[in-house]
J.: 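Sharing a structure with you now.
Computed from a prediction, not measured in an experiment: that's the story for all the values here. Sequence lines set the chain letters: A, B, ... in the order given, protein chains first and strands last, and positions in each chain run from 1.
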Amino acid sequence: MTIGSNAVASASPPAAILTAFVTSRDRTHHLSLLVEGLHCAKCIRKIETRLSQDPAVTKARVNLTLRQLSVDWVGDVDHAVKIGETVAALGYGIAPYEAGALSSASKRAGHELLRCLAISGFASSNTMMLAWAVWAGQAQGMPASTQALLNWMSALIAVPAVAFAGRPFYRSAFAALGAGRTNIDVPIVAALLLAAAISVFDLVGRGRDVYFDSVTMLLFVLLIGRYLEYRVRARARAEIERLVTLKAQHATIVDDDGSATIVAASTVAAGTMVIVAPGETVPVDGCVASGTSTIDRSAVTGETLPVKVREGEEVFAGYINCGIPLVIRTSRTAAESHLSEILRLVEQAQLQKGRVANLADSMAVFWTPAVHGIALATFAWWWLGAGAGAATALLHAVTVLIIACPCAIGLAIPAVQVAVIGGLLKKGILVRSGEVLERLAEINRVAFDKTGTLTLGRPVIVKGSDDEETNRLAASLAAASKHPFARALSQTFGRVRPISGIQERPGEGLEADIDGAEVRLGSASFCGIAQPRGDDLSEVWLNAPWLEPARFVFADAARPDARGTAGYFEQRGIRTTILSGDREPAVALCAADIGVGDYRADLKPADKVALLSEWRASGHKTLMLGDGLNDAPALAEAHVSASFAHGVAAAQATADIVLPAERLSSIVLTHRTAVRAAAIVRQNLGFAAAYNAILIPVAVLGYASPLIAAAAMSASSIAVTLNSLRARPAEKEASL
Amino acid sequence: MTPLLFLIPIALTLGSLGLLGFLWTVRTGQYEDLDGAAERIFLDDDDPEQSHDQ
């Protein structure tokens, strides 16, 4: 069997895999790539110019927002490989990208929102123009027929606009009603249709009390809020999709005749033989067909100690092969794998959580009927009670309507959320949507995963030998192995002396013949050490004839910022707990190291979920942080969840927040910002309430004219928006 | 009254031209890459674009 010598997984998947992602139409082929390392105009020019020098390429376009490259060419499908290599040679990491059905649907939804927004904007500005004319006319004695004409024109603009631009709301409301429940959009739709219907009937009858401008304005403002929310969600989803796609696995399959091909892991069928080189991640669930090696299971189960596997034993996708090349017979396709099981658990939990009612929508919906009620009451009181003419009464009612426009309320919350999420994104922190911020601000409990979250996820030497030569000898032997302990040795003691003929015995250690003497590095029994210390620490012994046997102790060291992060939450009165799949002694050590009193060990993914739902039932709102596959279901179950860019793809796809790789302390910044944002939202709503509480009576009592009302309303919207800008995390803000 | 009869339709027509223009920009995907559009103004392409015939 000849396998390529470059067996270690590199950052970009091999270019050969790209042909599988090419779409073709006649002789034109298309490929979309995710590109890493794009910053600016120069990058755009470099890539586009180099690719257009290729005579076969007809179009090469960089999208800087999504960091993607779209290439069209004529000729061979295999030309994709050359294109991929060209871009990689310029110094950019690439990965094949396939727009999923979900992201295309999301893009269409965004375009629809934008169209509805444009139409409702056009409608509301023109009906307002006509409405002003009518109000001015009423004050200046415009004949009733002219007013009627203007009102009819408003109707002609407003009614089709409301029918068309309100579709996103109608669809959602009728879907909910059809399923026998109500959601937030039902009252909105009721308000819109009712106001429009009343206006039309009134127009046909008397031609006076029309509220088309209020209806279109309400629709416009709600659509602005919806579109802002959509942008935030779409951006977050694109980022997460990107993280997941960049980590997509490729597998090296071996045919019966011994030739190896590299394909996408998702396409591997059951029964196929796959070879996993040392350092590579196992791409599919399977059974070891040949080879004996050690594997690192930390990404999947959280256990830090690698275990030995031999022929006939089962391995799961996500394990990392540390020893020698393994050949695996695939037992389940990607769709049915252990990973998919976990993702199914995740989906279930998410469905149960449902969609939490958005605070902004609730307020806007309560508002419209209240406002119309007050306006009607105003009209009635002035006309019937105070005995003023119908015209004056109407004017006052209209002033009330203008002043009470829910613009400030409609903007109060989305504006803050957009400002905050944009600011956090600049710092590398990805928040999925605005309501995540609301949920983060109200947590009273935090659950940390241990391996990879609180700890570095890889063993570090805690105690070595005092003798320099011993350390160097150990590192020289260790250089030959990909085992996590060996890597730790190489990294700590550097400068190696090359030794040839090192043999690795999986599960035991390494041995070599140096100047005729046998040197061993490995477990106590392998090195012939008689008395095991029995203190349950991870250790490796070095036994060379001319040296004292030396012991190296390893631990999965806690991250430098772990203690500070846990301390920050404790200070705020938020209870912290460690939930881990690792063995009890290791978890206890970590808890003591970090200063967290409460910890649970030996947990399976389902155990974590059970604990979290127990806490939820007793009223706790928990933030869960985790990076491994075993954390994914718990992440879905928690009130709000966070994962890391260095984590497993499934964890990132499930979490509400994705933190920059290896930066645990960024959750502190995120929480602080979320709490501050919640305060600013309260300020905005309070301001809007106060503004209305003061000015509505003014309008009811007749002290304001429509002009003043419009100015006041605009001023309040601007004030709310400016206040929202304060919610952004400061440029220089440090994490702890 | 007469001025209204032609001023209002003119105003509405101009408004709808703007609306149609906006809808066209959405359709031709001009909002797909706002960051890229911002950066591209710095590119000096003095040479005429090479286009490949299909």
Side-chain angles (χ1 to χ4, degrees), chain A residues 26-28 38-46 48-49 52-68 70 72-74 107 110-123 125-127 129-130 133 137 142-143 145-146 149-150 152-154 156-157 161 231, chain B:
Chain A
D26 298 330
R27 287 191 63 226
T28 317
L38 286 174
H39 317 290
C40 64
K42 280 212 290 246
C43 302
I44 297 179
R45 187 225 276 290
K46 250 202 313 195
E48 289 183 354
T49 323
S52 34
Q53 282 166 2
D54 182 338
V57 171
T58 54
K59 179 184 120 171
R61 182 100 181 157
V62 171
N63 183 323
L64 196 61
T65 312
L66 297 174
R67 284 166 291 154
Q68 287 176 13
S70 176
D72 289 347
W73 72 95
V74 264
K107 214 161 88 159
H111 283 183
E112 193 201 16
L113 273 178
L114 209 47
R115 281 198 299 269
C116 294
L117 190 59
I119 288 169
S120 67
F122 169 80
S125 51
N126 284 292
T127 47
M129 168 183 86
L130 291 166
M142 183 190 274
S145 54
T146 318
L149 172 70
L150 294 175
W152 273 101
M153 283 191 161
S154 305
L156 274 167
I157 300 171
R231 284 291 289 228
Chain B
M1 172 72 158
T2 336
L4 278 181
L5 280 176
F6 65 82
L7 279 176
I8 293 181
I10 289 179
L12 291 177
T13 312
L14 289 176
S16 26
L17 283 179
L19 177 62
L20 290 172
F22 178 78
L23 292 177
W24 175 77
T25 59
V26 172
R27 180 122 72 93
T28 54
Q30 297 190 19
Y31 299 109
E32 301 297 326
D33 183 17
L34 295 174
D35 293 339
E39 293 284 339
R40 279 175 202 274
I41 60 176
F42 292 120
L43 294 177
D44 274 338
D45 287 329
D46 293 332
D47 309 318
E49 284 216 38
Q50 308 204 343
S51 56
H52 298 268
D53 280 4
Q54 236 309 50

J.: Roughly how far apart are A:L114 CG and B:R27 CZ, rounded to 0.5 Å?
T.: 13.5 Å
J.: Let me know if A:N126 has heavy atoms under 4.5 Å from chain B in its side chain, its backbone, both or neither.
T.: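 Interface part for A:N126: side chain.
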J.: Counting C-beta onward and ignoring hydrogens, is there a side-chain heavy-atom pair between A:E112 and B:V26 closer than 4.5 Å?
T.: no
J.: Nearest 0.5 Å, please: how far is CG in B:L12 from CZ in A:F122?
T.: 5.5 Å
J.: If every non-hydrogen atom of B:F42 is compared with every non-hydrogen atom of A:A41, which pair is closest and at what distance?
T.: CB-CB, 4.2 Å
J.: Is there a side chain to side chain contact (heavy atoms under 4.5 Å, CB included) between B:R40 and A:V62? Walk through the geometry before answering.
T.: CA-CA 10 Å; B:R40 279 175 202 274; A:V62 171; 4.3 Å; yes
J.: What is the distance from atom CZ of A:R67 to atom CG of B:D35, rounded to the nearest 0.5 Å?
T.: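 So the CZ of A:R67 and the CG of B:D35 are separated by 9.5 Å.
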J.: With distance as the sole test, does B:D33 use its side chain to make a donor-acceptor pair with the main-chain N or O of A:L64 at under 3.5 Å?
T.: yes
J.: Identify whether the distance between the nearest side-chain nitrogen and carboxylate oxygen of B:E32 and A:K107 falls below 4.0 Å.
T.: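 A salt bridge is present here (some side-chain N lies under 4.0 Å from a carboxylate O).
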J.: Nearest heavy-atom pair of A:A118 and B:F22: which atoms, and what distance?
T.: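 Shortest heavy-atom contact: CB-CD2, 3.2 Å.
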J.: With only heavy atoms counted, which part of A:M129 is less than 4.5 Å from chain B, the side chain, the backbone, both or neither?
T.: side chain
J.: B:I8 vs A:L149, test: side chain to side chain contact (heavy atoms under 4.5 Å, CB included). Steps then yes/no.
T.: CA-CA 11 Å; B:I8 293 181; A:L149 172 70; 5.8 Å; no
J.: For chain A, which candidate among B:L34, B:L23, B:L19 shows the most heavy-atom pairs at distances under 4.5 Å?
T.: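 The residue among B:L34, B:L23, B:L19 with the greatest pair count is B:L19.
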J.: Where on A:I119 is there a heavy atom nearer than 4.5 Å to chain B: the side chain, the backbone, both, or neither?
T.: both
